[in-house]
Amino acid sequence: SSRVSLPAVVTAGISVLLMAVALLALDAAGTDASHAGGMDAMSIDLDPTGNTATSLGPLDSCVEARQGDVVTVDVTALNVPAATAMIGFSYRIEYDESRVWVETQDQQFFLASNPGSGLLNASQPTPDQDLNNEWIASAADLSDWGIVSPEYGSGVLSRLTISISQSAPGGMYPLTLTTAGHVDLMGEANMPDALNGAAIAVGVSCPTLTRTPSPEATATPQATPTPR
């Protein structure tokens, strides 16, 4: 079982609230927002092959599907710095919810990868059926960080399934990643240097060159000194 203390739960809960407020503020700031301390990239990967909680395969930004299909996708983190190791993350996916939507979610990956981690999933419920054309994920590690170190490096943040409507016309359906970042031990929100969305090609072909090779080196989350 996870080793979770009451102060850690309270702190993590506060961190989730701070994260939501900070990320919304940074999103409003647009190009003026600071990316210091952020991961290299947060991405939507439409082929989970080779992806684990602590490693990443090639990044695929398009997948071909048919009406009625259910597609498995990963939201990934590339190179979270050790200096701003992660205790929580949040992101928003925007799409045409009348045609595609998040069907299921699994957050038990990168943020739960260190032994003893205690994950709080504060994401919106699935399946996403509110027809507001977006779905928001948020998660925090409730661990006692004096015992269980926060995560850094690369890996899968979330594994999702995306359903495609039986009545979806043929075409490209973008999955836009926005309002994204992670929170560190200091409660600071850190924006990624890059956000990589994706698209589902329903009844049509994907464009060429939609795959990015695997990162040359992917660090496994390791112990990070806890601030005194």
Quick one: pull up CG in L59 and CG in D45 and give me the separation to the nearest 0.5 Å. 5.0 Å
From S158 OG over to F110 CZ, what is the distance, rounded to the nearest 0.5 angstrom? 12.0 Å
Return yes if some donor-acceptor pair links the side-chain N/O of S163 with the main-chain N/O of V70 below 3.5 Å, else return no. no
Test side-chain contact (heavy atoms from CB on, under 4.5 Å) applied to W135 and L160, step by step: CA-CA 11 Å; W135 182 77; L160 312 174; 3.9 Å; yes
I need the minimum non-hydrogen distance between S90 and I136, along with the two atoms involved. OG-CG2, 4.2 Å
Evaluate the side-chain contact (heavy atoms from CB on, under 4.5 Å) criterion for residues D130 and E97: first the C-alpha distance (whole Å), next the side-chain angles of each, then the deciding distance (0.1 Å), finally the verdict. CA-CA 8 Å; D130 56 14; E97 196 172 327; 3.3 Å; yes
Between the side chains of S43 and N196, is a donor N or O closer than 3.5 angstrom to an acceptor N or O? yes
Closest non-hydrogen atoms of D141 and L111, given as atom of the first, atom of the second and distance, are OD2-O, 3.7 Å
Run the side-chain contact (heavy atoms from CB on, under 4.5 Å) check on Q107 and F89 step by step: do they pass? CA-CA 10 Å; Q107 311 294 349; F89 68 81; 3.5 Å; yes
Go through the steps for Q105 and N121 under the test side-chain contact (heavy atoms from CB on, under 4.5 Å), then give the verdict. CA-CA 10 Å; Q105 59 175 307; N121 181 9; 3.1 Å; yes
Atom of P207, atom of M172 and distance for their closest heavy-atom approach: CD-CE, 3.9 Å
Nearest non-hydrogen partners of R159 and P48, listed with the distance: NH2-CB, 3.7 Å
Do the side-chain N and O atoms of T76 and D74 include a donor-acceptor pair separated by under 3.5 angstrom? no
How many angstroms lie between CG in L46 and SG in C62, if you round to the nearest 0.5 Å? 7.0 Å
Whether the T176 and T178 side chains hold a donor-acceptor pair (N or O, under 3.5 Å, no angle test) is what I'd like checked. no
Establish whether Y173 and V102 are linked, either directly or via other cluster members, by ILVMFWY side-chain heavy-atom contacts under 4.5 Å. yes
For S123 versus A137, what's the shortest heavy-atom pair and its separation? OG-CA, 3.3 Å
Look up atom CH2 in W101 and atom CG in D96, then write down how far apart they are to the nearest 0.5 Å. 10.5 Å
Heavy-atom side-chain proximity of M39 to N190 below 4.5 angstrom: no
State, to 0.1 Å, how close A53 and S113 come at their nearest heavy-atom pair, and which atoms those are. CB-CB, 4.2 Å
Any chance you could measure D69, atom CG, to Q166, atom CD, to the nearest 0.5 Å? 8.5 Å
Using a 4.5 Å cut-off on heavy atoms from C-beta on, say whether the side chain of Q108 contacts that of L119. yes
What distance do I162 atom CD1 and D128 atom CG have between them, rounded to the nearest 0.5 Å? 9.0 Å
Does either side chain, that of T161 or that of T104, offer a donor lying less than 3.5 Å from an acceptor on the other one? yes
For C206, does its backbone N or O pair with a side-chain atom of E64 as donor and acceptor, under 3.5 Å? yes
